[in-house]
Amino acid sequence: MVQRPRRMALLSVLTLVLPLAVTGQALADPNNNSPAKLTKAVTLNGVLRHLDAFQSIADTHGDRAAGRPGYQASVNYVVSQLNAAGYSPSVQSFDFPYVEDNSRLDRVSPVPRTFQRDTDFNRNGFVPTAEGDVTGVIQPVDVVVPPTPAPNGNSSGCEAADFAGFVPGRVAMLQRGTCGFNVKALNAQAAGASAAILFNEGQPGRTGLVTPIGDTPGLAIPVVFATYAAAEELIVLTPGATVRVKVDFTEETRQAWNVFAETRDGNPDNVVMSGAHLDSVQDGPGINDNGSGSAALLETAIQMSKVKPNAKVRFAWWGAEEEGLLGSEHYVATLPQAEQDKIALYLNFDMVGSPNHFYGIYDGDDSSGTAPVPIPPGSAQIEDVFEKFYADRGLPSEDTDFSGRSDYGPFIAVNIPAGGLFTGAEDVKTAEQAARYGGTAGIAFDPCYHQPCDDRSNLNLTALDVNADAIATAVITFAFDTSTVNGVRAPGKSHGRAPRGSTS
């Protein structure tokens, strides 16, 4: 990770390439100053107009990932919309470690199949890592499938003797076990393997992806790591399969941007922030993740542009969230303590239209007992606002883990109260949830999570419409009254949140 300078970032309006025309934007009303009025103004069609623009950008550029042209075009679109609504948006640039991975694992025959990168396999982290593109027949090396009951029940590839009978030029399949991954890979190379597939051992907790990392001087063959399920399919279902193993990647420093817009009115010493990440993963349009949150927040900002709130409202669209919350981390890390102390609360909206959705609210009071991080005081009161919204509409809702996994993480790390919404990603919907929310039990909340199919069709429009209203309700509620969180009801009062690190 690039070392970030801890200084106040320069916020400036950038002129970005590929400007998009502003069309069809509804005029904001200064009277959109209550939940009832603002939710009426924030329409599904308004949100979908932004999502259509994001889809068009992805169609043109392939994706909207940070460090790539589609992200720059997405920033430009948001800036143009904010300008047209009367804001004076600012853009904060930051450098980040860009990685472009074009590695592949394909079964060529029989039954051709492309395994999904970062789901079925990933590139190893050996240093140095050999790039290459090899097609060959697989040959398991002293593997134990199904696995032994206890971990480290095999020594696949740990000894040169394991490769007795290995046919040079084949692709070695090596199972996690008693020795280091680099030992296995170098032994395979010495035996004449053209490439190697390392895979997890198969016991509970040892089935998914890991990234083998280590100093491996002399490695000259491409090596990838696969899940146990992917390896079992190759070894058991298609023994002797021909596979393609490709390791191809770029690592360099590139630039990304955060976008901000503030209301003209409101107490600058009592700031209500709300944000959503604007970037997609590579090779995907990112319409649910997180075009949905970005579009709903953008339409809320547009419809609030003439409102005169009590608190200063600051909207944020974050860059490089998919690379590890880098945009929001940069913002918080470069914000002086005095400016951090002015932020009353932060609202986060990441995936609010999942096709097989549930209505999830960040568990600010940790009533489910699952939070792995400290929760700042005031977060429970943010959760209350969302719970009341769904209850008032006669809709079910439930806690979702207050894990710090999205862009609220850097805010809670400095004791800023936070909350937000989430409609589900790769986890599987239960039968109980299907009975409450509809949809299909036994499949993911978003079957297209982090995939190319996360496009304009990958949305539940009812959930998106409801949550756009929930976003508008929370933002306008706190814009006029943060007293439940920090005691501030009107401009000019001291905001008096407990200092960082306090639990009272």
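Remember, predicted model here, so these are calculated numbers, not experimental data.
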Specify the closest pair of heavy atoms between Ala316 and Met273, including all atoms of both residues, with the distance to one decimal. CB-CE, 3.9 Å
Give a yes-or-no answer on whether the side chains of Tyr77 and His50 include a donor-acceptor pair shorter than 3.5 Å. yes
Show the numbers, then the answer: is there a side chain to side chain contact (heavy atoms under 4.5 Å, CB included) between Val332 and Leu335? CA-CA 5 Å; Val332 173; Leu335 198 63; 5.6 Å; no
Would you call Glu339 and Arg314 a salt bridge, using N to O less than 4.0 angstrom? no
Taking side chain as C-beta onward, heavy atoms only, is Leu51 less than 4.5 Å from Leu459? yes
Does atom CD of Glu252 have more than 12 heavy-atom neighbours, drawn from other residues, nucleotides or ligands, at distances under 6.0 Å? yes
Does Asp59 form a side-chain hydrogen bond (donor to acceptor under 3.5 Å, both in side chains) with Gln55? I'd like the steps, not just the answer. CA-CA 6 Å; Asp59 291 342; Gln55 182 66 63; 2.9 Å; yes
Test side chain to side chain contact (heavy atoms under 4.5 Å, CB included) on Phe225 and Thr211; report intermediate values, then the result. CA-CA 7 Å; Phe225 189 91; Thr211 301; over 6 Å; no
Test your reading of the model: is there a side-chain donor-acceptor pair from Asn267 to the backbone of Val271, 3.5 Å cut-off? no
Residue pairs, two or more places apart or on separate chains, that pass salt bridge (Lys or Arg N to Asp or Glu O under 4.0 Å) and touch residues 388-398: Lys388-Asp392, Arg393-Asp469, Glu398-Arg436
Can you label the angle between the Tyr331 ring and the Trp318 ring as parallel, tilted or perpendicular, going by 30° and 60°? tilted
4.5 Å side-chain heavy-atom contact, Leu82 and Val259: yes
Which heavy-atom pair separates Ser305 from Ala28 by the least distance, and what is that distance? OG-CB, 3.1 Å
Asn486 vs Leu345 side-chain heavy atoms within contact, under 4.5 Å: no
Verify the distance criterion only: is there a donor paired with an acceptor across the side chains of His450 and Glu322 at less than 3.5 Å? yes
Aromatic plane relationship, Tyr71 with Trp257 - under 30° parallel, 30 to 60° tilted, over 60° perpendicular: parallel
Say whether, by atom type as modelled, one donor and one acceptor occur between the side chain of Asn200 and the main chain of Tyr228 under 3.5 angstrom. no
Would a distance-only check, ignoring hydrogens and angles, find a side-chain to backbone donor-acceptor pair under 3.5 Å from Thr263 to Val313? yes
Whether Gln81 side chain and Ile302 backbone form a donor-acceptor pair below 3.5 Å: no
Is atom NZ of Lys246 surrounded by more than 12 heavy atoms (other residues, nucleotides or ligands) closer than 6.0 Å? yes
Measure the CG-CZ distance between Asp106 and Phe115 for me, rounded to the nearest 0.5 Å. 8.5 Å
Just so I know, are the side chains of Asn467 and His357 near enough to count as touching, which here means a heavy-atom distance under 4.5 Å? no
Would you say Thr482 and Asn270 are linked by a side-chain donor-acceptor pair, where the criterion is simply a distance under 3.5 Å? yes
Could you tell me whether the side chain of Lys312 and the main chain of Asp269 form a donor-acceptor pair under 3.5 Å? no
Set of residues satisfying salt bridge (Lys or Arg N to Asp or Glu O under 4.0 Å) with respect to Arg113, sequence neighbours excluded: Asp120, Glu233
Any side-chain to backbone donor/acceptor pair from Arg456 onto Ile287? Under 3.5 Å, distance only. no
Could you report the tightest heavy-atom contact between Pro417 and Ser379, atom names first, then the distance? CA-OG, 3.5 Å
Mind listing the closest non-hydrogen atom pair of Ser103 and Phe121 along with its distance? O-CZ, 3.6 Å
Give a yes-or-no answer on whether the side chains of Asp289 and His277 include a donor-acceptor pair shorter than 3.5 Å. yes
Treating Asp350 as the side-chain partner and Ser406 as the backbone partner, does any N or O pair qualify as donor plus acceptor under 3.5 Å? no
Quick one: does Lys429's side chain have a donor or acceptor within less than 3.5 Å of a partner on Gly438's backbone? yes
State the OG-CG distance between Ser274 and Leu297, to the nearest 0.5 angstrom. 4.5 Å
Can you find a pair of side-chain heavy atoms, one from Tyr449 and one from Asn288, that are under 4.5 Å apart? no
Going by heavy atoms in the side chains, are Asp407 and Tyr346 under 4.5 Å from each other? yes
Using a 3.5 Å distance criterion without hydrogens, assess whether the side chain of Ser280 forms a donor-acceptor pair with backbone atoms of Ala65. yes
Side-chain donor or acceptor of Asn32 paired with backbone N/O of Leu38 under 3.5 Å: no
Only counting residues at least two apart or in another chain, list the ones meeting side-chain contact (heavy atoms from CB on, under 4.5 Å) with Pro35. Thr473, Ile476, Thr477
Are side-chain N/O atoms of Thr440 and Asn356 paired as donor and acceptor at under 3.5 Å? no
With a 4.5 Å limit on heavy-atom distance, are the side chains of Pro410 and Leu325 in contact? yes
About how many Å separate CZ of Arg254 and OH of Tyr98, when rounded to the nearest 0.5 Å? 4.0 Å
Residue pair Asn290, Phe349: steps toward the side chain to side chain contact (heavy atoms under 4.5 Å, CB included) verdict: CA-CA 8 Å; Asn290 181 40; Phe349 306 110; 5.7 Å; no
Can you name the nearest heavy-atom pair linking Pro309 to Ala479, along with the distance? CB-O, 3.6 Å
Side chain to side chain contact (heavy atoms under 4.5 Å, CB included), that's the test. Do Leu48 and Leu461 meet it? Break it down for me. CA-CA 9 Å; Leu48 292 178; Leu461 297 186; 3.9 Å; yes
Under a plain distance cut-off of 3.5 Å, with no hydrogens placed, do Gln282 and Arg117 share a side-chain donor-acceptor pair? no
Taking the side chain as every heavy atom from C-beta outward, state whether Phe422 and Asn348 have any pair of such atoms under 4.5 Å apart. no
So the salt bridge (Lys or Arg N to Asp or Glu O under 4.0 Å) pairs with at least one residue in residues 479-488 (sequence neighbours excluded) are Asp481-Arg489
Do Ser457 and Asp455 have a side chain donor and acceptor closer than 3.5 Å? yes
Please collect all ring-ring contact (aromatic ring centres under 6.0 Å, His included) contacts where either partner lies in residues 365-401, sequence neighbours excluded, each pair once. Tyr359-Tyr390
Salt bridge (Lys or Arg N to Asp or Glu O under 4.0 Å) test vs Arg123 passes for just one of Asp248, Asp118, Asp101, namely Asp101
Once side-chain contact (heavy atoms from CB on, under 4.5 Å) is applied, do any residues pair with Val373, and if so which ones, sequence neighbours excluded? Phe402, Ile412
Less than 4.0 Å between a side-chain N and a carboxylate O, is that true for Arg68 and Asp283? yes
Do Ser367 and Asp399 have side-chain N/O donor and acceptor atoms under 3.5 Å apart? yes
Restricting to non-hydrogen atoms, name the atom on Phe358 and the atom on Thr400 that form the minimum distance, rounded to 0.1 Å. CZ-OG1, 4.1 Å
